[in-house]
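This report refers to the structure that appears directly beneath it.
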Amino acid sequence: MGARWRMVLLLALVVAVTLARNPGGNNKKKRRGSNRSDKEYRNAFSRCERAAPCDSLDAYEIPKCALKCVSTSCYEQVYGEDELEPGELDHMRRKSFKDCFRAQPANVTAQVDLPPPPPSRKHRRRS
């Protein structure tokens, strides 16, 4: 009987560890970019990077220009007092900028005529 109890305890331990690691039973990975607002931000940012005047700047000046292009009001709100320096990366303020962008209506954030985004590879049909 001692061996039987050990097996029961081992099985109970395996079940407890499995449930602790995955309590919901849903082990699907969250897909990056599944949030529509995040896709809109990335599309607007990449289009602004390719639009005038940002496309003619040095590489380290493009992010600041693209952020201003995406939303001047959000740029002023987040970076107004302490603007980005060329080449500076500030992830905390970038997150605040994205939150501001998402909170604005779509017609407010489209401030320039932007070229369309490049076609996605996912949706191309073979001929």
Side-chain angles (χ1 to χ4, degrees):
M1 260 213 165
R4 186 178 231 179
W5 279 107
R6 283 188 214 147
M7 289 299 287
V8 169
L9 285 174
L10 181 62
L11 181 61
L13 181 63
V14 169
V15 169
V17 168
T18 303
L19 288 176
R21 291 184 70 199
N22 192 8
N26 184 3
N27 60 356
K28 291 182 181 178
K29 289 185 178 181
K30 187 174 182 180
R31 288 178 38 192
R32 181 174 185 243
S34 61
N35 182 344
R36 184 168 182 257
S37 296
D38 194 39
K39 286 181 185 178
E40 289 174 351
Y41 168 77
R42 287 194 317 266
N43 286 339
F45 188 83
S46 67
R47 288 192 323 235
C48 282
E49 285 179 311
R50 295 186 319 270
C54 298
D55 62 345
S56 62
L57 297 174
D58 291 332
Y60 58 87
E61 295 175 330
I62 291 175
K64 177 180 174 179
C65 179
L67 288 170
K68 285 183 176 181
C69 169
V70 168
S71 175
T72 306
S73 62
C74 287
Y75 187 87
E76 290 299 321
Q77 178 182 337
V78 175
Y79 299 99
E81 295 285 322
D82 183 22
E83 286 201 58
L84 281 175
E85 295 176 12
E88 178 185 2
L89 298 175
D90 186 336
H91 299 292
M92 296 298 288
R93 291 195 295 171
R94 178 70 68 101
K95 183 181 179 326
S96 297
F97 181 87
K98 286 180 182 180
D99 292 342
C100 176
F101 172 82
R102 290 181 186 125
Q104 291 184 331
N107 61 346
V108 173
T109 57
Q111 297 177 2
V112 295
D113 292 330
L114 303 174
S120 173
R121 292 186 207 177
K122 293 179 186 177
H123 303 292
R124 289 186 185 164
R125 290 185 177 176
R126 290 189 170 180
S127 302

Supply the atom-to-atom distance R6 CZ to L13 CG, rounded to the nearest 0.5 angstrom. 15.0 Å
Report the residues that fulfil side-chain hydrogen bond (donor to acceptor under 3.5 Å, both in side chains) with D90, sequence neighbours left out, ordered by chain and then residue number. R93
With a 3.5 Å cut-off and sequence neighbours excluded, list the donor-acceptor pairs that the side chains of residues 56-66 form with protein atoms.
| from | atom 1 | to | atom 2 | distance (Å) |
| --- | --- | --- | --- | --- |
| S56 | OG | P53 | O | 2.9 |
| D58 | OD2 | Y60 | OH | 3.4 |
| K64 | NZ | E83 | OE1 | 3.3 |

R94 to F45 six-membered ring, cation-pi geometry met (6.0 Å, 45°): yes
Could you give the distance from SG (C54) to NZ (K68), rounded to the nearest 0.5 Å? 9.5 Å
Is any side-chain heavy atom of R102 closer than 4.5 Å to a side-chain heavy atom of D38? yes
In this structure, OG of S71 is separated from CZ of F101 (nearest 0.5 Å) by 7.5 Å
Going from CZ on R42 to NZ on K98, what distance comes out if it is rounded to the nearest 0.5 angstrom? 8.0 Å
For L89, the other hydrophobic cluster members (4.5 Å side-chain criterion, sorted by chain and number) are none
Value for NZ (K39) from CG (N43), rounded to nearest 0.5 Å, stands at 9.0 Å
With sequence neighbours excluded, tell me which residues meet ring pair (Phe, Tyr, Trp, His ring centres under 6.0 Å) with Y75. Y79
Thiol sulfurs of C69 and C48 closer than 2.5 Å: yes
E88 (side chain) donor-acceptor with E85 (main chain) under 3.5 angstrom: yes
If I take atom CZ from residue R47 and atom CG from residue D55, how far apart are they, to the nearest 0.5 angstrom? 14.5 Å
